[in-house]
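Working notes for the structure below.
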Amino acid sequence: MSIDWHALGTVFVVTLVATVGLVGVFTLGIVATGRRGGSASAASASSGSPASSGPSASSDPSGTGGGAALLARTGGWVCFAACAAAVAYGIHLIVG
Amino acid sequence: MEHITLLIGIVIVTALVFDFTNGFHDTANAMATTISTGALKPKTAVAMSAVLNLVGAFLSVEVAKTISGGIIDESSGIKPEVIFAGLVGAIVWNLLTWLAGLPSSSSHALFGGLIGATLVSVGAHGVHGDAVVMKVLIPAVAAPFVAGLAAMLATRLTYRIGRDADPEATSRGYRAGQIASAGLVSLAHGTNDAQKTMGVITLALITGGVVAPHSDPPLWVIVSAGSAIALGTYIGGWRIIRTMGKGITDIQPQQGFAAQTGAAATILASSHLGFALSTTQVCSGSVMGAGLGRSGAVVRWSTAGRMVAAWAFTLPAAGLVAAGTALLADQGTWGVTTVAVLGLAVCAVIRTASRRKPVTSANVNDDGAVATAGTVGAVEPQGAVTAAIAAVIPPPAGPVAPATDAPATA
């Protein structure tokens, strides 16, 4: 009887990296897109689908550093896109 | 479909019943945290899970081959009676753990049942011991640790990154992420567990000489197995959902997201490498990990301990029931009939017992319903009797439960 430690170790490492990485990236996305998360953006975001409400919050941070906010939001959406890609890869793994 | 004897027909029906119990036993894995954080309403969550289970059943037949060709030696003279006995053992154990609200592994119940019945009827040479250790025991022990550690680190990380963020604004994002990873878990569950039943039915067909050894499951097997597990999932094992969503620890959206993502990653990584991994242990482990990862959160080790005990007992207990059943079923037609009657009687008794303290979509979040008080409760009109009974149910967590309000503010 031989225990396949290599496969077990691979599973362990892959799981750890994937989970921590995905959760980290997704959280960055949440923080970045919800940055000026005052009451206005929270209220405007509470209606509407979970993934598509970021742009709707773009109206209020007009005065304070619009460029930085835009950069943060773009970065946030890049993070979400990366997570979506990971989900797609997951589905690919399930199918394949 | 010709040449199917009555006995094989009974085996197929029993396998589908097992598949059904598997579905409602494992709804909790994908949806418990989603329901307890309020990311989805209970009914919506189980409906989504059911659809994804059904879809998942059609996606791959990789595991189905492993079950019929790996753990039990198909050429050692396994008869349909043996498979029947194994299934009865698995169903009985599944129902018992469901009554207790414990998320035990349906796969282990199935393996245990099959192994017990094979040992009695065929002898030790009918079981591939190496395959059992490598494909069942080791992943079962490793899975909760792997998933738990991943979920714990992910929980820490997400609280650290998001510590300055507005919780109102971020919780929606967490819920969306949680729904996505819960969907992945459901899909993977469909491909994994529906296939186990397909594997068993295929094994029965092989032993009955209906299909050739090592062949893929026929289409009607895939369709019926997928439907059975989806139906079971939709019915929802609310008792187990409550244990996992509320009993182990109190889950905030961040934790739910981390736990669910950890579970999805573990399941995908391991199934990609060919392990027949137990979804239950992965998900329970990741929920515990998420509980450990948030400072101030309370993991109720008494509940966790009972759960782990149930895991340890699952394989031998289902094996014992199946061994006894196999002894009876080997006696011929009257034996099989006796087993069927006894099995139905046990199911009826357990069902009656469950009616005394029903747990439904309406009261699944009752224990320490801190974050979700507004979103559930009005899902279904409760009968007066149900409401009265629900009011006197002792919370599964026992004496720790009254403290549930405190950590939620931490």
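Values in this document were obtained by computation on a predicted structure and should not be read as measured data. Worth knowing before you read on, the calculation uses all heavy atoms, side chains too, and leaves out hydrogens, waters and symmetry mates. Chain A is the first sequence line, chain B the second, and so forth, proteins listed ahead of strands; every chain is numbered from 1.
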In short, B/G162 meets A/V31 closest at the heavy-atom pair CA-CG2, 3.8 Å

What residue pairs, at least two apart or across chains, pass side chain to side chain donor-acceptor pair (under 3.5 Å) with a residue in residues 13-30 of chain A? A/T27-B/T158

Sequence neighbours excluded, every pair satisfying side chain to side chain donor-acceptor pair (under 3.5 Å) that has a member inside residues 136-151 of chain B: none

Could you give the distance from [atom1] ([X]) to [atom2] ([Y]), rounded to the nearest 0.5 Å?
X	Y	atom1	atom2	result
A/I91	B/L268	CD1	CG	9.5 Å
A/F26	B/Q254	CZ	CD	11.5 Å
B/R172	A/T33	CZ	OG1	8.0 Å

Go through the atoms of [X] and report whether side chain, backbone, both or neither lie under 4.5 Å from a heavy atom of chain A.
X	result
B/L157	side chain
B/A188	both
B/Y174	both

Close side-chain approach of B/V146 and A/L16, heavy atoms under 4.5 Å: no

Using a 4.5 Å heavy-atom cutoff, which residues in residues 81-90 of chain A come close to chain B? A/V87, A/G90

Can you pull out the residues in residues 257-264 of chain B with any heavy atom less than 4.5 Å from chain A? B/F257, B/A258, B/T261, B/G262

